[in-house]
2 protein chains.
Amino acid sequence: MHARVHITLKPGVLDPQGEAVRHALGAIGFNGVNGVRQGKVIDLDLHGIEPAKAEEEVRQMCEKLLANTVIENYTVEIL
Amino acid sequence: MHARVHITLKPGVLDPQGEAVRHALGAIGFNGVNGVRQGKVIDLDLHGIEPAKAEEEVRQMCEKLLANTVIENYTVEIL
């Protein structure tokens with residue numbers, strides 16, 4: 001069983017990395033970019049977890065380790 | 001107009017960051033994790049680009065800057 005987690009900065013939280021990417025894109029001629037927000041995508045290969053409990057288990061992984069819930073949002077998809 | 005880019009390591013490319021996350025998850029009691037692969041998700045806020053050309057433009061951004069196409073795959077979604 002697989003799960004995909006998206007971790008992105010909460011709206012309003014500054015994204016210096018995204019800003020740097022935006023400037024770099026502009027420097028090589030891509031001027032149609034208003035904003036860039038960069039986050040993480042984490043693909044988990046799970047075993048021995050009942051499908052019904054998998055989402056909650058992965059949420060717990062996010063709450064305890066994968067996401068900094070002060071500044072980050074996360075979404076969980078069981079694939 | 002918005003686009004979402006996923007950048008992930010190609011299969012077979014070692015992911016030390018993913019391995020570190022897997023070990024950390026195990027250390028706090030999540031033992032049902034066979035593997036972890038970590039990548040980037042980049043949300044782009046685009047302007048002044050015709051929708052029909054947007055996907056190709058974002059592909060060019062990936063080819064030239066956002067992705068290291070030697071070891072990374074990328075996907076582009078126009079939202």
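Keep in mind it's a predicted model, so treat the numbers as computed, not measured. Chain letters run A, B, ... following the sequence lines, proteins first and then strands; every chain starts at 1.
- Using a 4.5 Å cut-off between heavy atoms, A:Asp15 does not touch chain B at all.
- Counting only heavy atoms from C-beta outward, the side chains of B:Val36 and A:Ile42 approach each other to under 4.5 Å.
- Of the atoms belonging to A:Ile28, it is side-chain heavy atoms, and not backbone ones, that fall under 4.5 Å from chain B.
- Contact of the B:Asn34 side chain with the A:Leu46 side chain is not registered, since no non-hydrogen atoms from C-beta on lie closer than 4.5 Å.
- For chain B, the nearby part of A:His6 is the side chain; its heavy atoms alone come within less than 4.5 Å.
- Inter-residue side-chain proximity for A:Leu65 and B:Phe30 is flagged as unmet; no heavy-atom pair is nearer than 4.5 Å.
- Across A:Ala24, A:Ala3, A:Gly35, the residue that shares the most heavy-atom pairs under 4.5 angstrom with chain B is A:Gly35.
- Using a 4.5 Å heavy-atom cutoff, the side chains of A:Cys62 and A:Thr69 are not in contact.
- Using a 4.5 Å cut-off between heavy atoms, B:Ile49 touches chain A through its side chain atoms alone.
- B:Arg4 touches chain A through its side chain: at least one heavy atom from C-beta onward sits under 4.5 Å away, while N, CA, C and O do not.
- Residues A:Thr8 and A:Lys40 have side chains not in contact (no heavy-atom distance under 4.5 Å, counting atoms from C-beta outward).
- For the set B:Val21, B:Leu25, B:Val5, the count of heavy-atom pairs under 4.5 angstrom toward chain A peaks at B:Leu25.
- Neither the backbone nor the side chain of B:Gln17 comes within less than 4.5 Å of any heavy atom in chain A.
- For the pair B:Leu9 and B:Arg37, the minimum side-chain heavy-atom distance is below 4.5 Å.
- Taking chain B as the reference chain and counting heavy-atom pairs below 4.5 Å, the highest number among A:Gln38, A:Glu57, A:His47 is found for A:His47.
- Using a 4.5 Å heavy-atom threshold, the side chains of B:Lys10 and B:Ile71 count as separate.
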